2 protein chains.
Amino acid sequence: MPHDFPSMLKELHLKVTPRRLATLAALATATTYVSPEEVHKRLQGEFARIGLPTVYRNLEELAAGGVITKVLHPNRQLYYYFCPNRSHHHHFVCLACRTVEDLECCGLEEVEKQVGGRVLSHIVQANGLCQACLQAGREAAA
Amino acid sequence: MPHDFPSMLKELHLKVTPRRLATLAALATATTYVSPEEVHKRLQGEFARIGLPTVYRNLEELAAGGVITKVLHPNRQLYYYFCPNRSHHHHFVCLACRTVEDLECCGLEEVEKQVGGRVLSHIVQANGLCQACLQAGREAAA
DNA sequence: CATCTGGATGGAAACCATTTTCATTTAGGA
DNA sequence: TCCTAAATGAAAATGGTTTCCATCCAGATG
């Protein structure tokens, strides 16, 4: 069953606009994490007018709603990834081919207990080279 | 025994300069993570001339050498923290009072095995409110 | 101690991903 | 069909961070 993008948007109380649907479609069909700039470029093939701020805004809203995932690159730029896995987990991202792999959830759930405070957010992300890139001798890229 | 900053710098093949020593001293005496801007401001009390680029460069070099730790704020700015704990571990940072607590190391060591590739770097950081801030009703700040 | 050399530094400018502003358009309920 | 708040584009601003380059200094050498 294909993704039901309109329902996803409605659940987030976002209007179902052509640009948002196209953004979701672009992410869902990408095999790697992508930059806002790249999403913008791709949408320019579908819309005569599409502003970069719109892309930034929509990506941010979708990520805030949990429909897509942010990838924090070591270069500190933001990338986005459509992760169909709805359960709580973390990612390994290949810095060469930009693929994303799910990781088993690690013990961060106990952190709040350990700290005694409240965990508002957390980052658990491993960066590196996937098996394929390692064997192919590819290197990390910005 | 106080910290031996000159030795730390020499181990990293960095020259022992007054600015670097003052930067380390500033971080070591701070009870919270601090921004490059804040380090710069503090050093202005010690040096008639101190450039912001110098502060950025030195902080980056010290972090690259593992002498200090980067704190990745949710607002995507970089902060730094002098963590005397030399063993591998991760951090919980309070977004209200900016204190940093050590976390027990979680299972990231097995990630490389799980992925089959090579982990070049990883981020494991919990953000939130520490116990004291939670009880005091303080809130997260930028 | 004097000299030498590459690393360290300051100031100004550049960078550039991201955000803000604001006028215009549009989704979707009334 | 209307209406209103949300969505959008274009242009400009933002601001943390980095680059450039001339000058300075740590520290090795003799």
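Lettering of chains follows the sequences in order, A, B, ..., and the numbering in each one begins at 1. Just so it is clear, the model here is predicted, and its values are computed rather than measured. These values consider heavy atoms only, across backbone and side chains, with no hydrogens, waters or symmetry-generated copies.
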Is the A:Phe5 ring parallel, tilted or perpendicular to the A:His3 ring (thresholds 30°, 60°)?
-> parallel

Rounded to the nearest Å, what distance is computed from the [atom1] atom of residue [X] to the [atom2] atom of nucleotide [N]?
X: B:Glu46; N: C:dT9; atom1: CD; atom2: P; answer: 14 Å
X: A:Arg76; N: C:dC16; atom1: CZ; atom2: P; answer: 14 Å
X: B:His40; N: D:dG16; atom1: NE2; atom2: C1'; answer: 14 Å
X: B:Gln77; N: D:dT18; atom1: CD; atom2: P; answer: 12 Å
X: B:Leu59; N: C:dT9; atom1: CG; atom2: P; answer: 11 Å
X: A:Glu60; N: C:dT19; atom1: CD; atom2: C1'; answer: 11 Å
X: B:Lys70; N: D:dG16; atom1: NZ; atom2: P; answer: 17 Å
X: A:Asn75; N: C:dC16; atom1: CG; atom2: C1'; answer: 12 Å

Run the numbers on A:Arg19 and A:Glu46 for salt bridge (Lys or Arg N to Asp or Glu O under 4.0 Å), then give the verdict.
-> CA-CA 9 Å; A:Arg19 268 144 251 257; A:Glu46 298 182 47; over 6 Å; no

Taking only side-chain nitrogens and oxygens of B:Tyr56, does any of them come within less than 4.0 Å of OP1 or OP2 of D:dT17?
-> yes

Give me the other members of the hydrophobic cluster that A:Tyr56 sits in, counting Ile, Leu, Val, Met, Phe, Trp and Tyr linked by side-chain heavy atoms under 4.5 Å, directly or via other members.
-> A:Leu52

Rounded distance [0.5 Å steps], CG in A:Asp102 versus OG in A:Ser87 | 7.5 Å

Out of curiosity, B:Glu101 CD to B:Asn85 CG, how far, rounded to the nearest 0.5 Å?
-> 13.0 Å

Excluding sequence neighbours, so at least two apart, what forms ring-ring contact (aromatic ring centres under 6.0 Å, His included) with A:Tyr33?
-> A:Tyr79

Readout for nucleotides 4-9 of chain D: B = base within 4.0 Å of protein heavy atom, S = sugar-phosphate only, - = neither; 5' to 3' it is -BSSBB

